[in-house]
Novice: 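Dropping the structure in here first, questions after.
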There are 2 protein chains.
Amino acid sequence: MAIAELTPAERDAALADLGEWTLAREGKAIERTFAFADFSEAFAFMTRVALLAESQDHHPEWSNVYNRVEIALTTHDAGGLSQRDASMARAIDALL
Amino acid sequence: MAIAELTPAERDAALADLGEWTLAREGKAIERTFAFADFSEAFAFMTRVALLAESQDHHPEWSNVYNRVEIALTTHDAGGLSQRDASMARAIDALL
């Protein structure tokens, strides 16, 4: 089953719902940067995101430098943003 | 206690010892890309690297996309590569 790319209207609605995430890659991805007290807290968060990613079978493109974690979400099968990204972003935000 | 940047000769010797790591950032860092079967294996590796990083109090700059992990090591206090990076690289390689 193909996963549909969000229409511009759906994308705007999703972004309005996800206050801290911003559009990236010419609208093909959403990104958010998270800052923690130190590496231990940052990696604890990453571990929880990894468990989410496996359970949703939807994996982030992400990087970490000490206490900072940058996460980008996109859906390759959709060629851009899909409902899976919005759902994953909400689940990540719910961890905080 | 200040951490010394490796001299060019020391850097060359360290790199010769670390076959899979390459110089990056104009000689200020070393990098290696690791590929695994899937995200689960990649993140399991990242977890082991995170434990190493905490125990050595020396943290990587790294990114992950599904089964791939890119790690860069540099020592900010030394303004470039130090013995801590070579030591960390060897410890990471020993995980494999």
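The chains referred to below are lettered A, B, ... by the order of the sequence lines, with proteins before strands, and numbering in each begins at 1.
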Novice: Say you draw a straight line from CG of Asp38(A) to NE2 of His59(B); how long is it, rounded to the nearest 0.5 Å?
Specialist: 8.0 Å
Novice: Is the number of heavy atoms from other residues, nucleotides or ligands within 6.0 Å of CZ (Arg90(B)) greater than 12?
Specialist: yes
Novice: With the side chain counted from C-beta on, respond yes when Glu61(B) and Ser63(A) share a heavy-atom pair under 4.5 Å apart, and no when they do not.
Specialist: no
Novice: Establish whether Met46(B) and Leu95(A) are linked, either directly or via other cluster members, by ILVMFWY side-chain heavy-atom contacts under 4.5 Å.
Specialist: yes
Novice: Mind ranking Glu54(B), Arg68(B), Glu70(B) by heavy-atom pairs under 4.5 Å with chain A and telling me who comes out on top?
Specialist: Glu54(B)
Novice: Assigning hydrophobic clusters by single linkage (Ile, Leu, Val, Met, Phe, Trp, Tyr; side-chain heavy-atom cutoff under 4.5 Å), is Leu23(A) placed with Trp62(A)?
Specialist: yes
Novice: Hey, are the side chains of Phe43(B) and Thr47(A) touching, using non-hydrogen atoms and a 4.5 Å cut-off?
Specialist: yes
Novice: Are Val65(A) and Ile71(B) co-members of a hydrophobic cluster defined by side-chain heavy atoms under 4.5 Å apart?
Specialist: no
